[in-house]
Amino acid sequence: MPTAIITGITGQDGSYLAEFLLAKGYEVIGMVRRSSTVTFQRIKQIQDDITIIQGDLHDQSSLVDVIERYRPQEVYNLAAQSFVPTSWNQPVLTGEVTALGVTRLLEAIRLINPETRFYQASSSEMFGKVREVPQSESTPFYPRSPYGVAKVYAHWITVNYRESYDLFAVSGLLFNHGSPRRGLEFVERKICHGVARIKLGLTDELRLGNLDSRRDWGFAGDYVEAMWLMLQRDAAEDYVIGTGVTHSVRELCELAFSHVGLDYKDYVVQDPQFYRPAEVDILVADPSKAIKDLNWEPKIGFDGLVQMMVDEDLKRLALEID
Ligand code: NAP
Ligand code: F7E
């Protein structure tokens with residue numbers, strides 16, 4: 001039975017990846033940081049099937065301890081300060097966790113168990129002010145936030161450890177992916193959750209920022225399979241993962257509201273507090289390398305994702321107010 005360690009297992013992607021690896025017969029070890037409150041909401045359904053160990057990307061010795069104790073075949077580094085606006089408020093913390101945390105983990109692997117295969121959760125935010133459309137593995141980076149800058153560092157340190165020490169270390173350049181487990185602060189969940197609240201009469205407005213920015217949104221459950229596929233290859237290479245289709249935040253609003261028979265113009269209020277100091281205007285993936293090498297394709301598209309998220313939030317909220 002292969003062993004995999006997932007950092008960030010309590011996050012959206014960590015929970016889907018853990019379920020995916022369990023179904024493949026892996027022993028799954030989830031690294032979680034200490035918190036005064038329990039953060040296991042997304043993994044409660046699999047808690048008896050996984051092992052939880054404490055560790056923090058700030059703390060080198062905790063990472064050494066995790067690698068030493070489990071000597072995993074695969075490590076998936078999903079932990080990060082992942083919310084872009086927070087990265088302007090907490091740029092140093094974002095750099096410590098999202099950038100330097102990766103070096104700490106790679107060092108632990110290099111020193112203790114260099115046979116371990118390593119996946120780094122890189123991001124389309126690295127393309128930022130895009131140099132070409134669509135974005136592929138060879139598109140130059142131009143990050144627009146401290147988060148994007150930290151992810152560029154994390155990407156290059158992963159490439160560098162592969163080239164310097166011959167580690168099997170890969171970087172997955174994933175475009176936006178949501179799900180009913182997405183954090184409430186990210187725009188697709190904020191909109192779908194807001195629509196459900198409005199439909200159920202819990203509120204009568206939804207305050208948003210820039211409606212014109214465009215993203216390539218996919219379903220998180222599809223994207224964790226691509227992470228795993230990257231680590232099953234003979235050679236370590238980096239891959240862009242996305243749907244190849246882009247939509248504006250406004251289009252997302254239109255679709256989510258119309259799914260429940262409402263018009264977004266009656267409820268959405270634009271609020272300057274949600275605008276960013278520097279925006280990423282358009283992202284759209286060219287996933288052709290992943291389609292060819294990994295035989296990977298997204299199963300759920302934009303419409304299916306948005307409808308699933310609205311329906312799940314309607315169901316959940318209806319139960320809560322029952
Ligand atoms: P998420 O829901 O925000 O989860 C982040 C995880 O990181 C949580 O489990 C969090 O733990 C953990 N974490 C934060 N700081 C930590 C620290 N210092 N030490 C250990 N763990 C820490 O993020 P996600 O959407 O699942 O994304 C997973 C990864 O993919 C992230 O690296 C993100 O930047 C990257 N990514 C995401 C997308 C996307 O669209 N979702 C696209 C491209 C790349 P707590 O539960 O304790 O907070
Ligand atoms: O913003 C606009 C906002 O915060 C998307 C993370 O998972 O994906 C995510 O980063 C767009 C931006 O995601 C609101 O200005 C308008 O243009 O959902 P978001 P993100 O910044 O693209 C990448 C790939 C990651 O790696 C990240 O970890 O939506 N927008 N109004 C808004 N965004 C938010 N959050 N809230 C609003 O009210």
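Given the structure is predicted, the values throughout are model-derived calculations rather than measurements.
- Checked against His177 for a ring-ring contact (aromatic ring centres under 6.0 Å, His included), the options Tyr16, Phe302, Tyr223, Trp217 give a single hit: Tyr223.
- By the 6.0 Å contact criterion, CG on Asp49 is enclosed, its count of non-hydrogen atoms from other residues, nucleotides or ligands being greater than 12.
- No donor-acceptor distance shorter than 3.5 angstrom exists from the side chain of Arg189 to the backbone of Gly183, with no hydrogens or angles considered.
- When all heavy atoms of Ser145 and Glu125 are compared, the pair lying nearest together is OG-OE1, 4.2 Å.
- Between Ala154 and Ile157 the shortest heavy-atom distance is O-CG2, 3.3 Å.
- A donor-acceptor pair under 3.5 Å is absent between the side-chain atoms of Ser164 and the main chain of Tyr161, judged by distance alone.
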Exercise for review: Before giving the answer on side chain to side chain contact (heavy atoms under 4.5 Å, CB included), spell out for Trp296 and Tyr239 the whole-Å C-alpha distance, their side-chain angles and the decisive distance to 0.1 Å.
Suggested key: CA-CA 11 Å; Trp296 176 87; Tyr239 289 92; over 6 Å; no
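- Salt-bridge formation is not detected for the pair Asp281/Arg214: no Lys NZ or Arg NE/NH1/NH2 atom is positioned less than 4.0 Å from an Asp or Glu carboxylate oxygen.
- With a 6.0 Å radius and a threshold of 12 heavy atoms from other residues, nucleotides or ligands, Asn295 has its CG atom at or below the threshold.
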Exercise for review: Decide side chain to side chain contact (heavy atoms under 4.5 Å, CB included) for Tyr153 and Val102; before the verdict, give the C-alpha distance in whole Å, the side-chain angles of both, and the deciding distance to 0.1 Å.
Suggested key: CA-CA 9 Å; Tyr153 172 93; Val102 184; 5.7 Å; no
Exercise for review: Check step by step if side chain to side chain contact (heavy atoms under 4.5 Å, CB included) holds for Ser179 and Gln12.
Suggested key: CA-CA 8 Å; Ser179 74; Gln12 170 189 258; 2.9 Å; yes
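- For the pair Phe175 and Gln135, the minimum side-chain heavy-atom distance is below 4.5 Å.
- Of all heavy-atom pairs spanning Gly148 and Pro143, the tightest one is C-CB, 3.4 Å.
- For the pair Leu173/Ser122, a side-chain contact is recorded, criterion being any heavy-atom separation below 4.5 Å from C-beta on.
- Salt bridge present: Arg110 and Glu107 bring a charged side-chain N and a carboxylate O closer than 4.0 Å.
- For Thr243, the side chain to side chain donor-acceptor pair (under 3.5 Å) partners are Asp216, not counting sequence neighbours.
- At least one side-chain heavy atom of Pro180 sits under 4.5 Å from a side-chain heavy atom of Arg316.
- Lys151 contributes no side-chain N or O that, together with a main-chain N or O of Ser82, makes up a donor-acceptor pair within less than 3.5 Å.
- Listed for the Gln54 side chain is no donor-acceptor partner under 3.5 Å among the backbone atoms of Arg33.
- Inspection of the Gln90 and Glu96 side chains reveals no N or O donor paired with an N or O acceptor under 3.5 Å.
- Between Met31 and Ile9, the closest side-chain pair of non-hydrogen atoms is not below 4.5 Å.
- A salt bridge is defined here as a Lys NZ or Arg NE, NH1 or NH2 lying under 4.0 Å from an Asp or Glu carboxylate O, and Asp313 with Arg197 fails to meet this definition.
- Across all their heavy atoms, Pro2 and Gly25 have their closest contact at CD-O, 4.1 Å.
- Hydrophobic clustering keeps Val152 apart from Val170 (ILVMFWY residues linked when any side-chain heavy atoms are closer than 4.5 Å, directly or through intermediates).
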Practice item. Would you sort out whether Arg181 and Glu19 count as a salt bridge (Lys or Arg N to Asp or Glu O under 4.0 Å), showing the intermediate values? Key: CA-CA 13 Å; Arg181 299 182 195 171; Glu19 288 172 347; 3.0 Å; yes
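- Formation of a donor-acceptor pair under 3.5 Å by the Gln81 side chain with backbone atoms of Phe83 is found in this model.
- Checking side-chain atoms of Arg131 against main-chain N and O of Pro140 turns up no donor-acceptor pair under 3.5 Å.
- Residues Tyr147 and Trp156 do not share a hydrophobic cluster, clusters being chains of Ile/Leu/Val/Met/Phe/Trp/Tyr side chains in contact below 4.5 Å.
- Sorted by first and then second residue, the pairs that involve residues 62-72 and meet side-chain hydrogen bond (donor to acceptor under 3.5 Å, both in side chains), not counting sequence neighbours, are Asp59-Ser62, Asp65-Arg69, Glu68-Arg71.
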Practice item. Please test Phe168 against Phe118 for ring pair (Phe, Tyr, Trp, His ring centres under 6.0 Å), starting from the C-alpha separation and ending with a verdict. Key: CA-CA 6 Å; Phe168 193 110; Phe118 176 79; over 10 Å; no
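- Every side chain to side chain donor-acceptor pair (under 3.5 Å) that Asn113 has, sequence neighbours left out, goes to Thr116.
- Side-chain N or O atoms of Glu205 include none that pairs as donor or acceptor with a backbone N or O of Tyr267 at under 3.5 Å.
- Taking every heavy atom of both residues into account, Val97 and Ala80 meet most closely at CG1-CA, 4.0 Å.
- Using a cut-off of 4.0 Å between Lys/Arg side-chain N and Asp/Glu carboxylate O, Lys24 and Glu74 are scored as not salt-bridged.
- Judged by distance alone, with hydrogens and angles left aside, the side-chain atoms of Lys289 form a donor-acceptor pair with the main-chain N or O of Asp238 at under 3.5 Å.
- Side-chain atoms of Arg104 come within 3.5 Å of backbone atoms of Leu57 as a donor-acceptor pair (strictly under, hydrogens ignored).
- The CD atom of Glu279 sits 12.5 Å away from atom NZ of Lys129, with the distance rounded to the nearest 0.5 Å.
- At a threshold of 4.5 Å between non-hydrogen side-chain atoms, the residues Cys253 and Arg250 do not count as touching.
- Taking a 6.0 Å sphere around CD of Gln232, one finds it holds more than 12 heavy atoms contributed by other residues, nucleotides or ligands.
- Once rounded to the nearest 0.5 Å, the distance linking CG of Asp13 with CD1 of Ile6 reads 10.0 Å.
- Neither Leu78 nor Leu63 shares a network with the other; the hydrophobic side chains, linked directly or stepwise wherever heavy atoms of I, L, V, M, F, W or Y lie under 4.5 Å apart, form separate groups for each.
- In terms of heavy atoms, Val32 sits closest to Ile52 at CG2-CG2, 3.5 Å.
- Criterion: ILVMFWY side-chain heavy atoms under 4.5 Å apart, direct or through other members. Under it, Leu208 and Val195 are part of a common hydrophobic cluster.
- Side-chain atoms of Ser35 never come within 3.5 Å of backbone atoms of Val38 as a donor-acceptor pair (strictly under, hydrogens ignored).
- Using a 4.5 Å heavy-atom cutoff, the side chains of Asn210 and Val249 are not in contact.
- Expressed to the nearest 0.5 Å, how far CZ of Phe20 lies from CD of Glu225 amounts to 5.0 Å.
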**Study point:** Glu188 vs Arg215, salt bridge (Lys or Arg N to Asp or Glu O under 4.0 Å): CA-CA, chis, key distance, verdict
**Key:** CA-CA 10 Å; Glu188 72 274 31; Arg215 293 289 184 275; over 6 Å; no
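- Note that CG of Leu206 and OH of Tyr264 are 12.0 Å apart. Values are rounded to the nearest 0.5 Å.
- Inter-residue side-chain proximity for His259 and Val306 is flagged as unmet; no heavy-atom pair is nearer than 4.5 Å.
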Point to revise | Intermediate values then yes/no, side chain to side chain contact (heavy atoms under 4.5 Å, CB included), Phe257 and Val310 | key: CA-CA 9 Å; Phe257 277 90; Val310 172; over 6 Å; no
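- Residue Ser15 holds its OG atom at 6.5 Å from CZ of Arg42, rounded to the nearest 0.5 Å.
- When hydrophobic clusters are built by joining Ile, Leu, Val, Met, Phe, Trp and Tyr residues whose side-chain heavy atoms come closer than 4.5 Å, directly or via intermediates, Val159 is grouped together with Met126.
- Interatomic distance, Ile67 CD1 to Ile109 CD1, rounded to the nearest 0.5 Å: 4.5 Å.
- For the residue pair Thr94 / Ser87, no side-chain donor-acceptor distance below 3.5 Å is found, with atom types taken as modelled.
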